[in-house]
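A short write-up of the structure that comes next.
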Amino acid sequence: MICAKGLIGCTLEFRDTSGVIVETEAYDAQGDPACHTWSRPSAREFVSINRAGTVYVYLNYGMHWMLNFLVKGKREGFVLIRAIQPIRGLELMQGRRIGRTLNQLCNGPAKLTQAMGINGAQHGADPLSDSKWVLRFPSVAPDIAVSTRIGITVAADYPWRFLMKGSSFVSRPQ
DNA sequence: CGCTAGATGAGA
DNA sequence: CTCATCTAGCGA
């Protein structure tokens, strides 16, 4: 999905923390067995009642919060933020993830939500009207690598994982 | 009501 | 490799 690719290199700010998005994955609301909309009526309702950009957060494995943004238009679905390069609020983030090095701070979907303090309370937030959230686009387009999605058991072969080429802050190298 | 599969991460 | 920990959705 184009939007997932376009978010690579963007700076994401939430409250007092920020970072550059270096890894994303796309989930298509149409015909993608790995997307929540495939088996969850509540996810389909979320897509229909919210506008593009809305924050979709959910709890996985009973303890890990996953951050997504809603995509709408011709293709609809979610972009999962899988890793960021920490920029601002380093002390705050390291305080939430004791003992982790800078490289290990936000190199995974659950790690970055823990570090940035993102949880279910943010589900449904609208970054366009909520000053806690800021998304800035890069001045120069970054080099992007594409690979298959990881961590899922169905439709994992879709080439919908995007990484900033050469970044050492991705969850795992391509 | 009971059951179970997860878009994971930490630790041994 | 194991296991922590919870909930939407589904079948009975």
Side-chain angles (χ1 to χ4, degrees), chain A residues 1-8 10 12 14 17 19 21-50 52-72 75-86 92-125 127 144-164 167-174:
Chain A
M1 208 172 278
I2 308 292
C3 289
K5 199 174 184 176
L7 281 175
I8 300 293
C10 288
L12 175 67
F14 175 67
T17 60
I21 299 172
V22 296
E23 181 179 348
T24 62
E25 270 178 10
Y27 290 84
D28 196 327
Q30 296 279 54
D32 177 7
C35 186
H36 277 187
T37 51
W38 185 264
S39 56
R40 289 161 79 139
S42 58
R44 291 194 286 273
E45 193 197 0
F46 187 94
V47 171
S48 64
I49 66 176
N50 290 288
T54 304
V55 174
Y56 180 91
V57 180
Y58 84 100
L59 187 64
N60 199 21
Y61 291 103
M63 62 194 91
H64 301 304
W65 295 105
M66 301 284 152
L67 171 65
N68 300 252
F69 292 104
L70 174 60
V71 176
K72 297 194 79 167
R75 301 287 288 279
E76 304 194 307
F78 301 102
V79 176
L80 170 70
I81 308 301
R82 285 197 54 92
I84 66 171
Q85 172 180 350
L92 189 51
M93 290 197 277
Q94 285 185 310
R96 290 170 176 147
R97 288 179 46 73
I98 307 290
R100 311 292 155 197
T101 65
L102 190 60
N103 271 276
Q104 301 171 307
L105 201 52
C106 298
N107 63 332
K111 295 178 185 179
L112 70 91
T113 53
Q114 189 194 2
M116 299 180 87
I118 294 166
N119 56 53
Q122 272 64 244
H123 186 59
I144 294 174
V146 183
S147 83
T148 52
R149 299 187 291 192
I150 58 179
I152 53 178
T153 54
V154 293
D157 54 323
Y158 292 26
W160 287 352
R161 175 174 177 243
F162 303 95
L163 308 101
M164 184 180 293
S167 173
S168 59
F169 295 92
V170 297
S171 63
R172 48 172 255 218
Q174 184 189 0

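So you know, we letter chains A, B, ... as the sequences are listed, proteins then strands, and number each from 1.
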Return the value, rounded to whole Å, for the distance between atom [atom1] of [X] and atom [atom2] of [N].
{"X": "A:Y61", "N": "B:dG6", "atom1": "OH", "atom2": "C1'", "answer": "5 Å"}
{"X": "A:W65", "N": "C:dT5", "atom1": "CH2", "atom2": "C1'", "answer": "12 Å"}
{"X": "A:W38", "N": "B:dG6", "atom1": "CH2", "atom2": "C1'", "answer": "17 Å"}
{"X": "A:E23", "N": "B:dT8", "atom1": "CD", "atom2": "C1'", "answer": "13 Å"}
{"X": "A:L112", "N": "B:dG9", "atom1": "CG", "atom2": "C1'", "answer": "13 Å"}
{"X": "A:H36", "N": "C:dA8", "atom1": "NE2", "atom2": "P", "answer": "11 Å"}
{"X": "A:R40", "N": "C:dG9", "atom1": "CZ", "atom2": "C1'", "answer": "8 Å"}

Examine distances only and state if a side-chain atom of A:E23 and a backbone atom of A:S171 form a donor-acceptor pair shorter than 3.5 Å.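 Answer holds: yes.
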Any donor and acceptor pair, going by atom type alone, linking the side chain of A:R96 with main-chain N or O of A:T113 inside 3.5 Å?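 Looks like no, no N/O pair under 3.5 Å.
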Can a side chain N or O of [X] be found less than 4.0 Å away from OP1 or OP2 on [N]?
{"X": "A:R97", "N": "B:dA10", "value": "yes"}
{"X": "A:S42", "N": "C:dG9", "value": "yes"}
{"X": "A:H64", "N": "C:dT5", "value": "no"}
{"X": "A:Y58", "N": "B:dA7", "value": "yes"}
{"X": "A:T153", "N": "B:dA7", "value": "no"}

Please give the distance between the P atoms of C:dT5 and B:dA12 as a whole number of Å.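 About 15 Å, rounded to a whole number of Å.
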Could you tell me which nucleotide pairs with B:dA7 by Watson-Crick or G-U wobble geometry, both distances under 3.5 Å, or answer none if nothing does?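 Paired with no nucleotide.
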Any-strand Watson-Crick or G-U partner of C:dT5, both distances under 3.5 Å: none
Specify the residue among A:Q104 and A:L59 whose closest nucleotide of DNA chain B lies further upstream toward the 5′ end.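 This one resolves to A:L59.
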How long is the straight-line distance from CE of A:M93 back to NZ of A:K111, given to the nearest 0.5 Å?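 Separation between the atoms: 14.0 Å.
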Atom CG in A:N103, atom CD in A:Q85: separation rounded to 0.5 Å?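 That separation rounds to 8.5 Å.
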Give [X] one of three labels, base, sugar-phosphate or nothing, depending on what nucleic acid heavy atoms sit under 4.0 Å from its own.
{"X": "A:R82", "value": "sugar-phosphate"}
{"X": "A:A34", "value": "base"}
{"X": "A:M63", "value": "base"}
{"X": "A:R172", "value": "nothing"}
{"X": "A:R100", "value": "sugar-phosphate"}

A:Y56 pairs by ring-ring contact (aromatic ring centres under 6.0 Å, His included) with which of A:Y27, A:F78, A:W65, A:F69?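 Exactly one option meets the ring-ring contact (aromatic ring centres under 6.0 Å, His included) with A:Y56, and it is A:F78.
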Please say whether the positively charged group of A:R40, taken as NZ for Lys or CZ for Arg, lies over the ring of A:F46, i.e. under 6.0 angstrom from the six-membered ring centre and within 45 degrees of the axis. no
Does the side-chain ring of A:Y27 lie flat on the base of B:dA7, meaning centres under 5.5 Å and planes less than 30 degrees apart? yes
